[in-house]
Structure formats: C-alpha cells, structure tokens
> 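The structure that follows is given in the form of structure tokens.
Just so you know, these numbers come straight off a predicted model, no measurement behind them. Scope of the values below: all heavy atoms of this structure, side chains included, with no hydrogens, waters or symmetry mates.
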Amino acid sequence: MFPISTGRPATLATRGMVASPHSLASAAGVDALRAGGTAVDAAIAAGAALCVFYPHMTSVGGDAFWLIYDAAARRVRYLNGGGCAAKKAGIDWFRSRGMKEVPLRGFLPATLTVPGAVASWCAAHEEHGRLPLARDLAAAIGYAREGFPVTGRLARAIELHAADGSLNASALAVFAPEGTAPRAGGKLVNRGLALVLQRIAEGGREGFYAGETARALATFSRAGGGFFDEADLLAQHASWGEPVSGTYRGVEILETPPPTQGFTVLEMLNLIEPYEIGGMDPLGAELAHLLVQAKQIAYHDRDRLLADPEFRPVPVEKLISKAYAAVRRQLMRPDRALPWDLVPSHGTLSGDTVFVCAVDAEGNVAALIQSLYFTFGSGVVAGDTGIVLQNRSAYFSLDPQHPNRLEAGKCPMHTLIASIALKDGRPWQVLGCMGADGQPQIHLQSYVGLVDFGFDIQQALEAPRWLSGRFNIGDPRDLLNVEGRFPEATTKELERRGHAVNRWPDWCELAGHAQGITIDPVSGVRIGGADPRSDGAAIGY
C-alpha cells in the first residue's frame, strides 16, 4: 500500500498551475490559463478574486509586490506595488496631537498611504498579460456582484472584528448586512466592489486612480479627516526593479528587495549554511534552536536598517553577503537561546496577507503577494465603494531619526515578500505566504525542508512550524510559538535552552498560509502545494 506521509498529496500537472489560499481563486487563475492567458493573467485573476473571497486579508485598497520570471528572456524581475504616503503626511502632524505612533485602525492609517495593488496589476498586465484585463477580472466581478460563498475562516473573522469594534459602519453594511456575521456556507455580495473592479476592467489604472473611484475615495477621505486626495491617487504608480539574490547549497534564491524584508531570508540562509542540517532531526530542538537564532540576528538588521530605498539607502549587498554572515554567526550559541537584549528587535507577527503563484504552459512564473496588514486592514470600508482600506502606514516610525520615519511620498517598510528559486538558471520553486513578521521564517523553514530534507512542496508546507516573535502587543519579544505536532521532547529541550515556548494547537492558522509550486527540472511537471491552514488549493491542468 502506498505510504501516506502528509495530510494531502501534492498536485501534479503538465501545463499550468495556480496555488492560492482560496480554492475558487485558484480556479479563477487556472481558468485564465486555459483561456490562453499567461502566468501574470492567472495571478491577476486569482489575486482579484481573493479581494472578493478573502476581504479580511486582501483588497484593492491594499498593496502588492511581484516577482515575475519571463521564460523567453530567462530573467526574473521585481515589481513594487507599495502605496506611497500622501503629500499631507508628516511626523509633525501626529506629534502635534500627542501621538507617538501611527494608529493601527481607523481613518488615519486608512488614508495615510495610497493603495498600490491595482497599479501593480496594471503594470504587470501591460508587460506580461495576454488576455484583456477585463477577462482577468471577470470571475472577481461576477462573484462580487452575484454573491460569493463564506468560508468558516471569513465568518469567524467577521464575527470577531464586528464584536470588537474594529469595523466601521460601511464595513459592517457589507460584511454583516443583517446585523450579524454570516454563517459559514452562507453568501455575501459586494456590489460596490463589483463596480470598482468593472471600472478597472474598462479603464485599467485610470479606472481606479482617476475618475469615479478616485473621486469617491478622495471624498471619503476628506469627510473623515483623512490624508490622501485625488492628486495623491493619480500620482501612484508601480515600479520595476531587480530582486535580491543569494545562494543556498547551490540553489539560487530570489526575494523581493527593500522596502520589503526579503533580504532577511537570504541572510538567515547564509547564517545556517555551514551547518550539517540534513543530518539533524527536522522536528528536533537542535534545528529549531539554530534557525531561531538566525532569525533574531537577521531581524535585528532589518529593524535597524530597512526603509524605502528611494529615501534611505539600505546596505543590502553587505547584509546578504557570505562574509557578513560569517561575522554575525559568531553571536549564535549552540547551548542557550540568544538573549533579546543582545540582539534587540520589535514588531508583531499579527498580519493578514495572501500569496498567489502561477506557472503557465510556456514556463513563465508569477509570484504575487498582496495584503491589508491587519485583519480587515484599517477596519475601514470607503463608503459605498466596498473597498477595504489597508493600515500598512502603521508600520511607519514617528521617530525623526529612524530610516523608516514617515515622510510624504514614501513607502513604509513592508513585511510582504515573494520568492522564486532557480536551479541552473531555470525556475525550480515559487513560494510565498501570509504572516507579517512570520513570512521570512516560513520561507526559511520551507526552503530547509525542500533543500536539506528533500521534502516535496506539500510536505514542506504541512510540516509543523514555529514562529519566533510576538502576536500581540504585550507579548514578550522572545516568545517562541510552536505548533503542537512538535514532539514534547523538542519543546522541553527548547525550554531548557532558555526559549520562552508558547504551545499552539497541532494546526494553527497563525502559523501562516503558504503556497508553492515546484517545477521538476527533468520532466517539467508542475508540482503544487497548498497550506491546509488556509482554504486554498493548488490546481493545474
């Protein structure tokens, strides 16, 4: 009898594949592939559908970043869809009102930065799309207008955040239209969002950043005492660049560059590369202890140095160099947890994001990561537009000396990252996940599983996870959250070494929703994995 080693098998296909955290979004992407679309068409179709199905995690009111492999050019490019701070934004505005931090919810973070995701969709489509943009958005428009099924995860998120006062009246009108949260298996409609998506389908970038949608957003901002206006929206553009790149045991791994935290994945891999990880127990304390220390060191560098590179240079080449890792590795201790007062850090693991990956029949690859930051972002839906506005601007610092300080036109530090790995110059793996500060840690653990232990993508995504850091303000910064499927002996040994272990259930959604596709180097078969912690699926044809 064939042995079962994971909860579900990897998905296999010969032509195209899409993986995302919602099965209907993956299906919308595959439908675009079958219609002759590219990987980018598929990613836009799935990403837009997720704005409808997963409004607690993503929206046209959020930001997005891409890595795109062009099979003809044999090149990976990076696309920055981070939203910029409004021209009226500034530290003095907050400090004059006695604020030491940008608020996490409400009108201020909702309108402090402009949504950047739609600009990135349109830029990606212009360069790499083959289908009309309207065709890519058709599934999302239909589901928003006619109704979409509510998953248990969405129903629970609406219930929790309606009860705690996080959602404004317009959000409640969309997501709890009868005055109560919908049940799992029920339906919701978002006709305002359907109209917004239809305008994008007809007008592209200008259909969102100009015209009726832009006027509605700006009017809403002014009425609530917000920041962005029509000029800020019109000025928002996505920009092309180069990914950051490193090697791990001969595999070339590419990540999104600043203002995202992608360099931390490469720094962590450099720190652990000299160790014989393949000989360790994948669920043992020795490996977890090693990886947690690498995380602490890389995040210390992140918190000191990461910012919008258009405003403050980030020494990425130094941070991802093998020589720098050799110096920083001296901080790592085999016997005891690395004290946080030696390598300080800050931030939170609490965040909600979606990752979509797609591979088409020609071998083009798209990795799209888009988010609102917190669950339901700012908690603000912009009037009758149906658009959930993000609170990514809460990541800005109000310290005038910090490189990530708030400035007009600046993009805040981003936790969003996407990854593509190459073997012999050709795509081997595309990988990404939700999880705010947890994202690089999930990339790290997934690549260790894939490279060091030879897991397939589904095994790598289903493996028990740990995440180091705090999920709530007030949690200790050295908290080590561990899924319950780790052996008791592992958690006890981690505690003995000085880690503050917090035991999660066997399967914990807080450990992130990860998705990935492997391309077999010999056969070219696409091998897809979808995280069972989400509602997702890898679907191919």
> In a table with atom names and distances, give each donor-acceptor pair under 3.5 Å that connects a side chain of residues 426-434 to protein atoms at least two apart or in another chain.
{"unit_1": "Q429", "atom_1": "OE1", "unit_2": "T518", "atom_2": "OG1", "d": "2.4"}
{"unit_1": "Q429", "atom_1": "NE2", "unit_2": "I517", "atom_2": "O", "d": "3.1"}

> Parallel, tilted or perpendicular for Y54 and H513, by the 30°/60° rule?
tilted
> Work out which heavy atom in A307 is nearest to a heavy atom in R312; give both atom names and the distance.
CB-CB, 4.4 Å
> CD/Q296 to CG/L291 distance, rounded to the nearest 0.5 angstrom?
11.5 Å
> Mind checking whether F455 and F453 have parallel, tilted or perpendicular rings, split at 30° and 60°?
parallel
> Between the side chains of R77 and E127, is the shortest nitrogen-to-carboxylate-oxygen separation below 4.0 Å, so that they form an ion pair?
yes
> Charged N to carboxylate O under 4.0 angstrom, D531 versus R8?
no
> Looking only at non-hydrogen atoms, find the nearest pair between G540 and V30 and report the distance.
N-CG2, 4.5 Å
> Ignoring hydrogens and geometry, is there a side-chain-to-backbone donor-acceptor pair from Q261 to A436 under 3.5 Å?
yes
> Say whether, by atom type as modelled, one donor and one acceptor occur between the side chain of N481 and the main chain of G469 under 3.5 angstrom.
yes
> State, with a plain yes or no, whether a side-chain heavy atom of P412 is found less than 4.5 Å away from one of T113.
yes
> Does D360 reach the main-chain N or O of A39 with its side chain, forming a donor-acceptor pair under 3.5 Å?
yes
> Can you sort out the partners of K492 under side chain to side chain contact (heavy atoms under 4.5 Å, CB included), two or more places apart, ordered by chain and number?
E488
> Got a donor-acceptor contact below 3.5 angstrom from the Y248 side chain to the I272 backbone?
no
> Looking at R526 and D520, is there a salt bridge between them, counting it only when a charged N and a carboxylate O are closer than 4.0 Å?
no
> Does the side-chain hydrogen bond (donor to acceptor under 3.5 Å, both in side chains) test come out yes or no for E493 and H289, once each step is laid out?
CA-CA 9 Å; E493 175 60 18; H289 175 75; over 6 Å; no
> Nearest 0.5 Å, what's the CD-CG distance between E286 and L494?
11.0 Å
> Give a yes or no on whether a salt bridge exists between D335 and R496, defined as a side-chain N under 4.0 angstrom from a carboxylate O.
no
> Counting C-beta onward and ignoring hydrogens, is there a side-chain heavy-atom pair between R302 and M413 closer than 4.5 Å?
yes
> As an exercise, state the distance from CG of L306 to OG1 of T415, rounded to the nearest 0.5 Å.
10.0 Å
> When you measure from the centre of the six-membered ring of W507, is the NZ or CZ of R485 under 6.0 Å away and within 45° of the axis?
yes
> Under 4.5 Å between any side-chain heavy atoms of L67 and V76, yes or no?
yes
> Without swapping roles, check the side chain of K423 against the backbone of E252 for a donor-acceptor pair under 3.5 Å.
no
> Quick check against the 3.5 Å criterion: does N502 have a side-chain atom that pairs as donor or acceptor with the backbone of L480?
no
> Keeping the roles fixed (side chain from R497, backbone from P334), state whether a donor-acceptor pair exists under 3.5 Å.
yes
> Please round to the nearest 0.5 Å and tell me the distance separating atom CG of D456 and atom CD of E462.
9.0 Å
> Give me the atom names and distance for the closest heavy-atom approach of A367 to A418.
CB-CB, 3.9 Å
> Is it the case that atom CG in D424 sees more than 12 heavy atoms from other parts of the structure closer than 6.0 Å?
no
> So, are R130 and D41 salt-bridged, with charged N and O less than 4.0 Å apart?
no
> Would you give the length of the straight line joining atom CZ of F486 to atom CH2 of W504, rounded to the nearest 0.5 angstrom?
10.5 Å
> When the ring planes of F376 and H56 are compared, do they come out parallel, tilted or perpendicular, using 30° and 60° as the limits?
tilted
> Begin from the C-alpha positions of Y447 and D452 and carry the test side-chain hydrogen bond (donor to acceptor under 3.5 Å, both in side chains) through to its verdict.
CA-CA 8 Å; Y447 276 125; D452 290 288; over 6 Å; no
> After noting the C-alpha distance and the side-chain angles of K410 and F311, does the key distance pass the side chain to side chain contact (heavy atoms under 4.5 Å, CB included) rule?
CA-CA 7 Å; K410 187 176 187 178; F311 285 74; 3.6 Å; yes
> Closest heavy-atom contact between Q370 and A64?
CB-CB, 3.6 Å
> I want to know whether H414 and Y395 have ring centres closer than 6.0 Å.
no
> Which of these, L422, I527, V365, sits in a side-chain contact (heavy atoms from CB on, under 4.5 Å) with I519?
V365
> Applying side-chain hydrogen bond (donor to acceptor under 3.5 Å, both in side chains) as the test, list every pair that has at least one member in residues 267-278; sequence neighbours left out.
N270-K322, E273-K322
> Are R15 and E362 within salt-bridge range, i.e. N to O under 4.0 Å?
no
> Could you tell me whether D535 and R153 have a side-chain N and a carboxylate O separated by less than 4.0 Å?
yes
> Do D308 side-chain atoms and N404 backbone N/O form a donor-acceptor pair below 3.5 Å?
no
> Taking all atoms of both residues into account, what is the closest heavy-atom pair of A294 and M332, and its distance?
N-CE, 4.1 Å
> For residues N80 and P259, determine if any side-chain heavy atom of one lies less than 4.5 Å from a side-chain heavy atom of the other.
yes
> Given 3.5 Å as the limit, does a donor-acceptor pair link the side chain of D136 with the main chain of I44, or not?
no
> Hey, are the side chains of T264 and K295 touching, using non-hydrogen atoms and a 4.5 Å cut-off?
no
> Passes side chain to side chain contact (heavy atoms under 4.5 Å, CB included), Q441 versus S468? Steps please.
CA-CA 8 Å; Q441 303 178 59; S468 168; 3.5 Å; yes
> Quick check: closest heavy atoms across F53 and A25, and the distance to 0.1 Å?
CE1-N, 3.7 Å
> Contact between L266 and V244 at the side-chain level, heavy atoms closer than 4.5 Å - yes or no?
yes
> Quick one: does R465's side chain get under 4.5 Å of L461's, heavy atoms only?
yes
> Atom CG in D63, atom OG in S371: separation rounded to 0.5 Å?
8.0 Å
> Check whether Q515 reaches the backbone of A538 with its side chain - one donor and one acceptor, N or O, closer than 3.5 Å.
no
> Are the side chains of I442 and S446 in touch, meaning some heavy atoms are under 4.5 Å apart?
yes
> Walk me through whether F396 and E101 qualify under side chain to side chain contact (heavy atoms under 4.5 Å, CB included).
CA-CA 8 Å; F396 274 126; E101 295 179 332; over 6 Å; no
> I would like to know whether Q293 and M268 meet side chain to side chain contact (heavy atoms under 4.5 Å, CB included); could you show each step before the answer?
CA-CA 9 Å; Q293 290 184 90; M268 289 187 288; over 6 Å; no
